[in-house]
Amino acid sequence: MTDQARRTYGQLPPIPEYDVDAIAWRSLDRVGWVPHVSRCALLVHDMQLFYVDSLPNAASERLLRILRHLIEKARALGIPVIYSVAAPSRTVEDRGLLRDFHGMGMRDDPAHYDVHSAIAPLVGDFIVNKRIYSAFYETGLDSLMRNLDRNELLITGIYADIGCQLTAFDAFKRGIKPFYIADAMVAYTESQHIASAEYVARLCAAIYTANGVMDVLSRQQ
């Protein structure tokens, strides 16, 4: 089956395994920003079954484990946890130009659009619904960040080089400091993941690892 056929019928092309932990992510950072417990929110981007199920088992288990630790730490510190979720397209018009690149995408089915149960939202967490890559575009995320009095965003999830990257740039445009938690993401390939981190490091975001950001935030208590 071709990649286009997979996308048309609600399947994503398989993602090859690569060693996220072997990459020196912090060495890519240029700006030196430090996140603050009182100023940041944690974004869990597109961790829906449709996307998670496209990952190799080891990669999905690792990503879910890291995100679970980050989410638990954020909740314990009183840091808002925000989930951005893609909405299924019921019609070709709903899907718009995305169809030309990714087909119709996920079905209108909980087996596609639900957030993975290992990191599902709890009461007190926040959810923003989106139709295109960035978690800011035509969503309530900007207003939510203002209402929460937060101007730093820890970005995690799927995919590093698509939604996470564009969300980082959109945050920057709004005066919100993006922190790209590089090992708490996945891309279609290792080279795309690294290129994405290099791109945002050059233009708009600080680069951290999950352990690194948790250590920085924990030491502020």
Side-chain angles (χ1 to χ4, degrees), residues 3 6-7 10-15 20 41-57 59-71 74 80-90 94-99 101-122 125-142 144-145 153-171 176 178-189 192-193 196-197 199-200 205 210:
D3 284 355
R6 288 178 186 276
R7 293 193 293 265
Q11 292 179 279
L12 291 166
I15 292 178
V20 176
L42 172 64
L43 180 70
V44 182
H45 187 275
D46 281 6
M47 287 299 296
Q48 294 160 277
L49 293 170
F50 180 63
Y51 303 113
V52 176
D53 288 348
S54 74
L55 307 180
N57 287 340
S60 63
E61 290 170 4
R62 180 197 165 280
L63 181 58
L64 290 166
R65 182 175 66 253
I66 288 175
L67 286 176
R68 186 167 61 249
H69 291 160
L70 273 173
I71 292 165
V81 179
I82 304 169
Y83 292 79
S84 55
V85 294
S89 299
R90 295 175 175 83
D94 272 350
R95 189 65 168 160
L97 296 179
L98 281 174
R99 181 171 176 266
F101 289 88
H102 306 294
M104 286 299 292
M106 69 176 70
R107 297 191 304 271
D108 189 7
D109 181 341
H112 269 199
Y113 63 67
D114 273 357
V115 173
H116 195 286
S117 60
I119 55 166
L122 299 181
D125 295 335
F126 302 89
I127 300 172
V128 295
N129 294 287
K130 64 187 194 64
R131 288 201 173 276
I132 203 162
Y133 307 124
S134 172
F136 280 99
Y137 183 74
E138 293 187 352
T139 73
L141 181 54
D142 192 1
L144 176 59
M145 291 289 290
L153 190 62
L154 314 178
I155 301 172
T156 68
I158 295 174
Y159 295 98
D161 55 323
I162 306 176
C164 295
Q165 176 175 309
L166 292 173
T167 296
F169 192 70
D170 272 357
I176 296 169
F179 292 81
Y180 184 99
I181 315 304
D183 65 339
M185 300 178 182
V186 70
Y188 278 105
T189 67
Q192 288 173 337
H193 198 156
S196 177
Y199 177 85
V200 298

Spacing of [X] atom [atom1] and [Y] atom [atom2] [to the nearest 0.5 Å]:
| X | Y | atom1 | atom2 | result |
| --- | --- | --- | --- | --- |
| Asn129 | Glu138 | CG | CD | 13.0 Å |
| Gln192 | Ile162 | CD | CD1 | 7.5 Å |
| Ile127 | Thr139 | CD1 | OG1 | 13.0 Å |
| Ile176 | Asp142 | CD1 | CG | 5.0 Å |

Taking everything shown except Phe126 itself, do over 12 heavy atoms lie less than 6.0 Å from its CZ?
yes
So does [Y] get a backbone contact from the side chain of [X], meaning a donor-acceptor N/O pair under 3.5 Å?
| X | Y | value |
| --- | --- | --- |
| Ser196 | His193 | no |
| Gln48 | Val85 | no |
| Asp183 | Ala210 | yes |

Does the side chain of [Y] come within less than 4.5 Å of [X]'s, by heavy atoms?
| X | Y | value |
| --- | --- | --- |
| Ile158 | Phe50 | no |
| Leu153 | Pro178 | no |
| Thr167 | Phe136 | yes |
| Val44 | Tyr83 | yes |
| Lys130 | His45 | yes |
| Met145 | Ile82 | yes |

Closest non-hydrogen atom pair between [X] and [Y], with its separation:
| X | Y | result |
| --- | --- | --- |
| Ile155 | Ala168 | CD1-CA, 3.5 Å |
| Tyr51 | Asp46 | CD1-O, 3.3 Å |
| Ile15 | Pro56 | O-CG, 3.0 Å |
| Tyr180 | Ala205 | CB-CB, 4.3 Å |
| Asp161 | Ala187 | OD1-CB, 3.3 Å |
| Leu166 | Ser134 | O-OG, 3.9 Å |

Quick one, Tyr133 with Gln165, criterion side chain to side chain contact (heavy atoms under 4.5 Å, CB included). Give me CA distance, side-chain angles, the key distance, then yes/no.
CA-CA 9 Å; Tyr133 307 124; Gln165 176 175 309; over 6 Å; no
With Leu70, the side chain to side chain contact (heavy atoms under 4.5 Å, CB included) member among Val81, Leu154, Thr156, Ile119:
Thr156
Stepwise side chain to side chain contact (heavy atoms under 4.5 Å, CB included) test for Met47 and Leu64:
CA-CA 9 Å; Met47 287 299 296; Leu64 290 166; 3.8 Å; yes
